[in-house]
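In this chain, numbering begins with 1 at the start of the sequence shown.
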Amino acid sequence: MNLPTSFKLGAHTWRVRTVKSIGRPGYECFGECVFAEHRINIATMIEGKPVSQAAMYQTFLHEFIHAALHILGRNDDEELAAGLEQMLYQLHKTARYPKS
């Protein structure tokens, strides 16, 4: 699953970047949403180990939900973002489309 490099959300273009790590040792994160800069960062390494493409895509979905909640003026809700991330990932992995 490829990550986008950018996308439109609301009136802004958001950038997506992969970075080696986010946070500090012992407190590393898979991703972060930088609202003020309209940017999502996705870690490629956690605790010195590579993050799978699937995990990076799930992280992107999670951070996208944080961005969407922010644009909608909603309170940031980690549990909601985690739940919606799982549902969107399941949709992506299991959806079947008619042959064209």
Side-chain angles (χ1 to χ4, degrees):
M1 287 157 274
N2 293 327
L3 296 176
T5 56
S6 67
F7 60 91
K8 293 276 191 184
L9 185 61
H12 303 284
T13 298
W14 288 69
R15 305 281 178 221
V16 180
R17 301 284 183 251
T18 55
V19 296
K20 185 174 180 180
S21 64
I22 299 168
R24 62 185 196 278
Y27 297 96
E28 293 174 292
C29 302
F30 281 84
E32 66 180 346
C33 186
V34 184
F35 302 122
E37 297 176 19
H38 304 106
R39 188 180 74 245
I40 291 174
N41 294 326
I42 307 294
T44 60
M45 303 285 284
I46 293 286
E47 297 177 356
K49 297 176 184 159
V51 177
S52 71
Q53 289 293 318
M56 286 194 288
Y57 188 76
Q58 285 179 277
T59 301
F60 165 73
L61 292 174
H62 183 95
E63 300 306 332
F64 172 85
I65 292 163
H66 283 301
L69 290 172
H70 175 75
I71 293 295
L72 292 171
R74 300 292 211 188
N75 290 335
D76 201 13
D77 185 326
E78 192 62 32
E79 286 182 22
L80 178 62
L84 288 173
E85 162 218 320
Q86 291 299 314
M87 287 184 236
L88 286 172
Y89 185 72
Q90 184 179 24
L91 169 68
H92 175 78
K93 292 294 288 181
T94 63
R96 300 293 178 248
Y97 299 94
K99 295 180 182 178
S100 24

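Cluster annotation: L3 is not connected to V34 through the hydrophobic network of ILVMFWY side chains, with a link wherever side-chain heavy atoms come within less than 4.5 Å. Each of I22 and V16 belongs to its own hydrophobic cluster when Ile, Leu, Val, Met, Phe, Trp and Tyr are linked at side-chain heavy-atom distances under 4.5 angstrom.
R15 and S6 make their closest contact through NH1-CB, 3.4 Å (heavy atoms, listed as atom of the first residue, atom of the second, distance). The minimum heavy-atom distance linking I40 with F60 is given by the pair CD1-CE1, 4.3 Å.
To the nearest 0.5 Å, atoms CG (L61) and CG (L88) are separated by 5.5 Å. With rounding to the nearest 0.5 angstrom, the CE atom of M45 is 9.0 Å from the CD atom of E28. The SG atom of C33 sits 9.0 Å away from atom CG of N41, with the distance rounded to the nearest 0.5 Å. For the atom pair CD1 of I42 and CD of Q58, the computed distance is 11.0 Å after rounding to the nearest 0.5 Å. For the atom pair OG1 (T44) and NZ (K20), the distance works out to 8.0 Å, reported to the nearest 0.5 Å.
Every pair passing side chain to side chain donor-acceptor pair (under 3.5 Å) that includes a residue from residues 73-89 is listed here, sequence neighbours excluded: H62-E78, H62-E85, H66-D76, H66-E78. Legend: ring pair (Phe, Tyr, Trp, His ring centres under 6.0 Å) pairs involving residues 27-50, not counting sequence neighbours, sorted by first then second residue: H12-H38, W14-H38, F35-H70. Residue pairs meeting the side chain to side chain donor-acceptor pair (under 3.5 Å) criterion with at least one partner in residues 90-100, sequence neighbours excluded, do not occur; the list is empty.
Contact check for V51 versus T59: no side-chain heavy atoms found under the 4.5 Å cut-off. Within the 4.5 Å cutoff, side-chain heavy atoms of L9 are placed close to those of F64.
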